[in-house]
Amino acid sequence: MNEFVNIALPKGRLGEKVYEMFAASGYRCPELENPDRRLTFENKEAGVRYFCVKPSDVAIYVEKGAADIGVAGKDILLEYKPDVYELLDVGLGKCRMCVAAPKNFRDDNRRTLRVATKFVHTAKEHFSRTGREIDIIKLNGSIELAPILGLSDVIVDIVETGTTLKQNGLVVIDTLFDISARLIANKSGYRFKREKINEIKTKLETCKENKDDKNS
Ligand code: PRP
């Protein structure tokens with residue numbers, strides 16, 4: 001029996017690169033390449049079924065078993081700590097988690113630091129390590145606006161090229177960790193479909209190595 005492996009793919013820019021890697025590894029799904037509003041696609045011969053979900057939701061689909069595997073950013077894995085296996089660093093979506101502030105920012109320890117972020121746990125963990133008292137302002141996007149409008153003193157956010165910070169007069173004042181996309185697996189899904197999931201992992205790994213060789 002050709003059992004399907006259900007794969008949660010992040011939608012958007014990262015998702016396109018991730019899908020290209022699956023396609024180059026032998027898991028192409030032509031229907032997915034003609035985008036319409038459908039969110040599920042399958043390739044019977046290759047035994048894969050793709051679900052296109054919001055990048056920040058991939059880990060939930062995989063943790064709950066709605067998908068057997070998926071590709072999620074390390075930022076999401078560190079923020080939500082889902083109970084999943086991390087199988088492979090696929091090497092895509094490279095960026096870093098940073099604290100940033102307006103160019104002229106000087107920290108005043110007598111005041112509680114106001115921190116705007118999507119990554120509440122990550123920010124809390126970081127400032128509890130440094131012993132700095134903070135108030136969190138949870139936002140869902142356009143975080144860079146917060147210090148400009150006086151809503152926060154600093155932000156904790158993802159920096160990729162640095163363009164968004166630069167264009168909004170902000171600078172990095174601390175780097176928390178490097179981020180890249182990871183192949184993750186549901187724990188019981190991995191037990192039951194180990195062979196097929198390992199086959200996918202190995203092929204993605206080979207694809208990544210070939211790409212690394214080309215770039216070196
Ligand atoms: C992310 C992040 C920064 C930006 C960084 O935002 O939150 O705003 O990318 O990229 P850069 O360093 O290359 O400029 P995203 O595009 O995901 O949108 P968001 O505002 O909804 O978070």
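We're numbering straight along the sequence, starting at 1. When a ligand or atom number is given, it counts from 1 through the structure's own listing order.
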Is it true that Ile143 lies under 4.0 Å from ligand 1, counting heavy atoms only?
no

Quick one: does Gln167 get within less than 4.0 Å of ligand 1, heavy atoms only?
no

Protein heavy atoms: any of them under 4.0 Å from [atom]?
atom                    : result
atom 8 (O) of ligand 1  : yes
atom 22 (O) of ligand 1 : yes
atom 1 (C) of ligand 1  : no
atom 15 (P) of ligand 1 : no
atom 18 (O) of ligand 1 : no

Applying the salt bridge (Lys or Arg N to Asp or Glu O under 4.0 Å) test to Asp68, which of Lys193, Lys196, Arg194, Lys201 qualifies?
Lys193

of all protein heavy atoms, closest to atom 4 (C) of ligand 1 is Thr164 OG1, 3.7 Å

Please determine whether a side-chain nitrogen of the Lys or Arg among Glu31 and Arg38 lies less than 4.0 Å from a carboxylate oxygen of the Asp or Glu.
yes

Hey, could you give me the CD1/CZ distance between Ile7 and Phe51, rounded to the nearest 0.5 Å?
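It is 9.0 Å, given to the nearest 0.5 Å.
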
Stepwise, does the side chain to side chain contact (heavy atoms under 4.5 Å, CB included) test hold for Glu144 with Leu165?
CA-CA 7 Å; Glu144 291 84 357; Leu165 289 185; 4.1 Å; yes

Any nitrogen or oxygen of [X] lying under 3.5 Å from a nitrogen or oxygen in ligand 1? Just yes or no.
X      : value
Asn140 : no
Ile158 : no
Arg13  : no

When you measure from the side chain of Asp153 to the backbone of Leu113, do you find a donor-acceptor pair of N or O atoms at a distance under 3.5 Å?
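Absent.
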
Side chain of Lys203, backbone of Ile200: donor and acceptor closer than 3.5 Å?
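Pair absent, no side-chain N/O of Lys203 close to backbone of Ile200.
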
Side chain, backbone, both or neither: which applies to Asp157 and ligand 1 if a contact is any heavy-atom pair less than 4.0 Å apart?
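It is the side chain that touches ligand 1; the backbone stays farther off.
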
Using a 4.0 Å cut-off to any heavy atom of [X], which atoms of ligand 1 qualify?
X      : value
Ser142 : 19 (P), 20 (O)
Glu144 : 3 (C), 8 (O)
Val159 : 12 (O)
Thr161 : 11 (P), 12 (O), 13 (O), 14 (O)

Over-ring placement of Arg49 relative to Phe4, 6.0 Å and 45° cut-offs
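The answer is yes, since Arg49 meets both limits relative to Phe4.
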
Aromatic ring proximity Tyr50/Phe41, centre distance under 6.0 Å
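No, ring centres 6.0 Å or more apart.
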
Test Ser188 against Asn186 for side chain to side chain donor-acceptor pair (under 3.5 Å), laying out the working first.
CA-CA 6 Å; Ser188 67; Asn186 172 268; 3.2 Å; yes

If you define the side chain from C-beta out and look only at heavy atoms, does anything of Glu33 sit under 4.5 Å from Tyr19?
yes

